[in-house]
Every structure is written in structure tokens, then in C-alpha cells.
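Since the structure comes first, as C-alpha cells, the remarks are kept for the end.
These numbers come from the heavy atoms of this one structure, side chains and all, not from hydrogens, waters or symmetry mates.
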Amino acid sequence: LAAYAGFTMVTSLIMATTFQLAHCVEEASFASADEVRDEKPAWAVHEVETTVDFCPRNPVLTWVVGGLNYQIEHHLFPRVPHTHYAEIAKIVQRNAEQHGVRYVTQRSLRAALRSHFRHLRTMGRMGVPVALEMG
């Protein structure tokens, strides 16, 4: 029971950190439900601009998180095995550049963590009350 609880806690921490580093960083765009409804961005563009890949050249991390460090590719191609994400990322990035879509990759875990903490500090200093938007 203790081993199961320990494994569950470690796995939960890894997954929560993974999703924070892919979505809650200063480079990710944040659009309110009203902005999405009014502007109606193309689905794929919205996915690319609101998500950030991190540590693309770290095979150990990629294995540990099951390819979720390639979060952009995971959003665009959720049914493709994660073992193909590294090659798909090159294609997505090339196409994003050709069409003027912002594609962001944090090269290291340190850079991703720094960006996340800067984002949290910025959000905390804004003093905006919490508002939940249920889509």
C-alpha cells in the first residue's frame, strides 16, 4: 500500500509538472472564451500558439513522460504514437514558420521551469481575482 501511494504521488507530480510546463509558461498564448468565440481562430493555430514543447532533445525525459514534452504534437495528433513526435515536430515547426504561426520550444528543463515560475510571478502580481470559465 505504501509503495502504491508513493508511486502514485511521484507519477502525479511528474504529470502535473509536465502539463504546467506545456501550458502555463510566459510564451504560451492565453485566450479567454470570449476571445476564442469572437476571433474564431483555426483550431490547429490555436493549439500551436497556446502550447509549448520542452526538452525535445532529452530522450530520457521523453520516455518518462511518454512524449508529452511534445505537447504541441500531442494536441495536433493525439492518436499517433509518441515515438513519432520528434519527427512530426520538425514538420509542424517548419509549417508554422511558413504560415506565420508562433511555435515555441523550451530547449531545456531549466528554461521551461524558469519560464513557468516567471509566469506564476507575473500572474500573482496582477492581483486579478480568480474567475472560473466553464466552456
Side-chain angles (χ1 to χ4, degrees):
L1 190 58
Y4 175 75
F7 175 79
T8 302
M9 287 190 290
V10 169
T11 302
S12 296
L13 180 63
I14 290 170
M15 295 315 298
T17 302
T18 298
F19 293 118
Q20 293 295 306
L21 297 181
H23 296 286
C24 300
V25 291
E26 50 193 1
E27 294 83 8
S29 294
F30 295 93
S32 71
D34 292 334
E35 290 171 332
V36 172
R37 187 174 41 252
D38 294 342
E39 295 174 17
K40 294 181 174 64
W43 169 80
V45 171
H46 177 75
E47 294 299 325
V48 172
E49 291 186 343
T50 60
T51 311
V52 175
D53 286 352
F54 62 96
C55 304
R57 294 191 177 109
N58 188 330
V60 174
L61 180 78
T62 300
W63 179 79
V64 168
V65 300
L68 290 176
N69 54 325
Y70 288 98
Q71 193 70 193
I72 293 171
E73 291 69 31
H74 168 69
H75 279 237
L76 296 175
F77 308 102
R79 294 180 186 220
V80 173
H82 77 273
T83 53
H84 298 293
Y85 286 167
E87 291 303 314
I88 292 171
K90 296 172 188 173
I91 297 166
V92 172
Q93 186 172 12
R94 184 178 61 237
N95 281 290
E97 289 172 3
Q98 287 176 353
H99 296 283
V101 176
R102 190 176 45 81
Y103 181 100
V104 179
T105 300
Q106 296 286 354
R107 294 289 174 202
S108 69
L109 186 58
R110 176 176 285 175
L113 286 168
R114 270 202 234 133
S115 179
H116 175 61
F117 286 118
R118 282 192 303 263
H119 173 69
L120 292 179
R121 185 174 46 229
T122 300
M123 296 296 288
R125 290 179 176 169
M126 290 174 70
V128 177
V130 175
L132 295 178
E133 292 183 26
M134 303 301 282

| note | Here the gap from Phe77 atom CZ to Glu47 atom CD, rounded to the nearest 0.5 Å, amounts to 11.5 Å

| query | What pair of heavy atoms forms the shortest contact from Cys55 to Ser108, and how long is it? | reply | SG-C, 3.5 Å

| Going by the angle between their ring planes, with limits at 30° and 60°, are His23 and Phe19 parallel, tilted or perpendicular? | parallel

| Side-chain heavy atoms of Phe117 within contact of Arg121, under 4.5 Å | no

| message | Rounded at 0.5 Å granularity, tell me how far CZ in Arg102 sits from CD in Glu27. | response | 8.0 Å

| Met15 CE: over 12 foreign heavy atoms closer than 6.0 Å | yes

| query | Mind checking whether Val60 and Val10 sit in one hydrophobic cluster, side chains of I, L, V, M, F, W, Y counted as touching below 4.5 Å? | reply | yes

| task | For residues Tyr103 and Thr105, determine if any side-chain heavy atom of one lies less than 4.5 Å from a side-chain heavy atom of the other. | result | yes

| message | Side-chain heavy atoms nearer than 4.5 Å, only ILVMFWY residues, links allowed to pass through others: does that put Leu113 and Ile14 together? | response | yes

| request: Could you walk me through whether Val36 and His46 pass side chain to side chain contact (heavy atoms under 4.5 Å, CB included), step by step? | output: CA-CA 9 Å; Val36 172; His46 177 75; 3.9 Å; yes

| remark: CH2 (Trp43) and NE2 (His75) are apart, to the nearest 0.5 Å, by 9.0 Å

| task | Could you walk me through whether Phe30 and His119 pass ring-ring contact (aromatic ring centres under 6.0 Å, His included), step by step? | result | CA-CA 12 Å; Phe30 295 93; His119 173 69; 5.0 Å; yes

| field | Which atom of Ser29 lies closest to which atom of Thr50, heavy atoms considered | value | O-CG2, 3.4 Å

| remark: Between Val25 and Leu21 the two heavy atoms that sit nearest each other are CG1-O, 3.5 Å

| task | State yes or no: do Leu13 and Leu120 share one hydrophobic cluster built from I, L, V, M, F, W and Y residues joined by side-chain heavy-atom distances below 4.5 Å, directly or via other members? | result | no

| said: Can you tell me how far apart CD1 (Ile72) and CD1 (Ile88) are? Round to the nearest 0.5 Å. | reply: 12.5 Å

| query | To the nearest 0.5 Å, what is the distance between OG1 (Thr17) and CG (Leu68)? | reply | 12.5 Å

| query | Are Thr18 and Asn69 close enough, and set up right, to give a side chain to side chain contact (heavy atoms under 4.5 Å, CB included), and what steps lead you there? | reply | CA-CA 7 Å; Thr18 298; Asn69 54 325; 5.8 Å; no

| Tyr70 side-chain N/O to Pro56 backbone N/O, donor-acceptor pair under 3.5 Å | yes

| task | Show the numbers, then the answer: is there a side chain to side chain contact (heavy atoms under 4.5 Å, CB included) between Leu109 and Asn58? | result | CA-CA 9 Å; Leu109 186 58; Asn58 188 330; 5.9 Å; no

| query | What is the minimum heavy-atom distance between Ala112 and Phe54, and which atoms define it? | reply | CB-CB, 4.0 Å

| task | Could you walk me through whether Tyr85 and His74 pass side chain to side chain contact (heavy atoms under 4.5 Å, CB included), step by step? | result | CA-CA 7 Å; Tyr85 286 167; His74 168 69; 3.5 Å; yes

| request: Kindly compute the distance separating CZ (Arg118) from OG (Ser115), expressed to the nearest 0.5 Å. | output: 5.5 Å

